[in-house]
Amino acid sequence: MANMGNIFLLAAEAVNSEIAEGAAEGGFGLNLDILETNLINLLILIGILFYFGRKVLTNILNERRSSIESVIQDAESRLQEAQTSLAKAQGQLTQAQQEAQRITQVAEQNAQAAKEAILAKANLDVERLKETAASDLNAELDKAISQLRQKVVLKALQKVEGQLKDGISADAQQILINRSIAQLGGEI
């Protein structure tokens, strides 16, 4: 506090000398009467403000420092949590990508198996259709041959009937009878 008083006294003397010089030159003047200007009261007030204000200012700065430190610590903890969450999310992403690849591989295998099954079934169906077509063709061929035989037999019968109506010669009748008997296994 003694230093403070010395500073104020030196400041007062410097101000007094400057004011005295200004008044001597015909400039403005100041009232240097300490009691009239309340200079002592002002110096006491400044000293009290400096003495007690320093503690208040120190407390305010310490509180501000503490709050800044707590905010920084909070931000660092949130950063740490965010990094942990990021690492966890990246791990989950990796797992999800692996699962997606596995699902894709299973789907491709299933698609390949389904393709092969469909092709095998299609081949069986084609073979069955070929067999059915061949069977149908053979049946139609047999039917056409049968119809052709019936037509040939019918034509032959018609020709024979026509010849029978015209009459068979006695020699031809005898040859026909002998042949029929020989076919039946008898002798003449």
Side-chain angles (χ1 to χ4, degrees), residues 1-140:
M1 187 78 173
N3 265 349
M4 182 97 135
N6 288 339
I7 293 173
F8 285 125
L9 286 177
L10 287 174
E13 284 179 24
V15 169
N16 283 339
S17 69
E18 288 294 321
I19 293 173
E21 286 178 19
E25 294 177 6
F28 66 93
L30 287 177
N31 186 2
L32 297 179
D33 187 9
I34 293 176
L35 295 176
E36 280 185 24
T37 60
N38 284 326
L39 188 57
I40 295 174
N41 291 338
L42 286 174
L43 290 175
I44 292 172
L45 182 62
I46 290 172
I48 290 172
L49 284 176
F50 182 75
Y51 181 74
F52 290 110
R54 183 175 48 145
K55 289 181 183 177
V56 172
L57 186 59
T58 303
N59 289 340
I60 290 173
L61 289 176
N62 286 338
E63 288 175 9
R64 180 69 178 149
R65 182 181 196 190
S66 297
S67 67
I68 289 171
E69 287 174 353
S70 67
V71 167
I72 289 172
Q73 288 174 350
D74 185 41
E76 287 175 348
S77 67
R78 286 190 305 215
L79 173 64
Q80 189 65 27
E81 290 174 8
Q83 287 174 340
T84 304
S85 297
L86 176 63
K88 184 178 178 181
Q90 286 175 338
Q92 290 173 346
L93 175 64
T94 302
Q95 288 176 347
Q97 287 173 339
Q98 290 172 349
E99 184 66 18
Q101 287 176 348
R102 187 189 64 77
I103 289 171
T104 302
Q105 289 174 349
V106 168
E108 287 175 356
Q109 290 171 352
N110 290 343
Q112 185 64 30
K115 177 184 170 184
E116 290 172 1
I118 289 170
L119 287 176
K121 187 175 184 321
N123 286 338
L124 287 175
D125 288 346
V126 166
E127 290 300 320
R128 188 174 42 88
L129 287 174
K130 284 181 181 178
E131 290 173 4
T132 304
S135 174
D136 288 348
L137 183 62
N138 288 338
E140 287 295 321

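None of these values were measured; they are calculated from a predicted model.
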Those residues at least two apart in sequence (or on a different chain) that pass side chain to side chain contact (heavy atoms under 4.5 Å, CB included) with T84 are Q80

Here the gap from Q90 atom CD to S85 atom OG, rounded to the nearest 0.5 Å, amounts to 11.0 Å

The side chain to side chain contact (heavy atoms under 4.5 Å, CB included) partners of L129 (sequence neighbours excluded) come to none

Value for OG (S66) from CG (L61), rounded to nearest 0.5 Å, stands at 10.5 Å

Taken in chain and number order and not counting sequence neighbours, the residues that satisfy side-chain hydrogen bond (donor to acceptor under 3.5 Å, both in side chains) with Q112 are E116

Output for pair (E108 CD, K115 NZ), nearest 0.5 Å, gives 12.0 Å

Here the salt bridge (charged side-chain N to carboxylate O under 4.0 Å, His left out) pairs for residues 80-106, sequence neighbours left out, are E99-R102

Residue set satisfying side chain to side chain contact (heavy atoms under 4.5 Å, CB included) with V56, at least two apart, ordered chain then number -> I60

Taken to the nearest 0.5 Å, the spacing of I103 CD1 from N110 CG works out to 11.5 Å

For residues 61-72, the salt bridge (charged side-chain N to carboxylate O under 4.0 Å, His left out) pairs (sequence neighbours left out) are R65-E69

Applying side chain to side chain contact (heavy atoms under 4.5 Å, CB included) to K121 and not counting sequence neighbours gives D125

To the nearest 0.5 Å, atom CG of L124 lies from atom CD of E131 at 9.5 Å

Here the gap from L49 atom CG to L57 atom CG, rounded to the nearest 0.5 Å, amounts to 11.5 Å

Contacts of R54 meeting salt bridge (Lys or Arg N to Asp or Glu O under 4.0 Å) (sequence neighbours excluded), chain-then-number -> none

Applying side-chain hydrogen bond (donor to acceptor under 3.5 Å, both in side chains) to N123 and not counting sequence neighbours gives none

